[in-house]
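Data block below; observations after.
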Amino acid sequence: MKHFLMYAVLLSLSLLLLTCCALWDEPKESVPTGSYHYVVTAPSRIPNETVDFAQGDQTVKRVMNYEGEIPLSYPTKVYRYQLPMIDLPDSYTTACNQEIEALFGAKIRSSLQAMERQQEPKLESVTYFSFVHGEILTLRIDERSCNGEVSHTYYTVNAQTGKEIHAEEMLAQVGIGGEPEQVLNQRVTDLFASRFGPLEGADVDYTTALNRTQMALSPVTAKCMHLTESGRLILALTLYHPTGEITLEEIPLP
């Protein structure tokens, strides 16, 4: 009996160890950018909702469109909520749509619910604008909070396929060749020279700030750049000043 009990215990421990090892080795669910699958669900209609049917055959579709007066606001404020989705089949585009819903769709619904309770919403407006240069589709979403804060979010995809655009393609669109990292490092160096003086003879604070600014751009992707309506390429970067100040800036390229 003792031998049987010992065997049973050892067998149980072995099974438990194997189970733990299996759980440990099993890869955790990881959903990298570009692999989301998102299905847009139409929100409940409310009396002041308007629907823009004219955009139904365009690449960027408006799936929400609400506007009206913010209750109890004085002077009277008007809210305007537009939620776009990119209607292209690639998984990268569905990832962008997933993020748009997470960043803007949820806040729009929350703001609508707040106004139904006669409370001030978080958002005053969410609007967007899209345009195409060459094979590059740019979607810009503008958000304004009720306290006056404004932000702009950019999404860039291939206008035909919906695939992710790479830094080389962004640079080529405005006629810039070469390795993106070298191009941007040189642009930052030129920016420092014009803003803080020449690199020759610079002190350690200058060179440290320059290196930190360049390193913040690595690895170089198209996500740190966007095209404007007029076709100008803009680089968004964290600028480390020799004085220790840090600013977020948009720098035109070239």
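Side chain of S218 to backbone of V220: no donor-acceptor contact under 3.5 angstrom is found. Checked by atom type and distance alone, the side chain of Y154 never pairs as donor or acceptor with a backbone atom of T228 at under 3.5 Å. Between the R187 side chain and the P252 main chain, a donor and an acceptor come within less than 3.5 Å of each other. Between the side chain of H133 and the backbone N or O of E229 there is at least one donor-acceptor pair closer than 3.5 Å. D90 places no side-chain N or O within 3.5 Å of a backbone atom of E164 that could act as its donor or acceptor partner. In this structure a side-chain-to-backbone donor-acceptor pair under 3.5 Å is missing from N65 to E67. Judged purely by atom type and a 3.5 angstrom limit, T213 uses its side chain to pair as donor or acceptor with the backbone of A209.
For Y79 and Y66, the ring centers sit 6.0 Å or farther from each other.
Summarising the geometry of C96 relative to I86, their closest heavy-atom pair is CB-CD1, 4.5 Å, with the distance given to 0.1 Å.
No side-chain N or O of E245 forms a donor-acceptor pair with one of Y240 less than 3.5 Å apart.
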Practice task
Would you please test N97 and E101 for side chain to side chain donor-acceptor pair (under 3.5 Å) and show each step?
Solution key: CA-CA 6 Å; N97 289 337; E101 163 59 25; over 6 Å; no

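The closest side-chain heavy-atom distance from M170 to I136 is below 4.5 Å. Under the 4.5 Å side-chain criterion, counting only non-hydrogen atoms from C-beta, S130 is not in contact with T138. The closest side-chain heavy-atom distance from T189 to Q214 is below 4.5 Å.
Residue Q119 places its CD atom among more than 12 non-hydrogen atoms of other residues, nucleotides or ligands, all under 6.0 Å distant. Atom CD of Q160 has 12 or fewer heavy atoms from other residues, nucleotides or ligands within 6.0 Å.
R195 has a carboxylate O that lies under 4.0 Å from a charged side-chain N of E249, or vice versa, which qualifies the two as a salt bridge.
Using bins of under 30°, 30° to 60° and over 60° for the plane-to-plane angle, the ring pair F192/F196 lands in the perpendicular bin.
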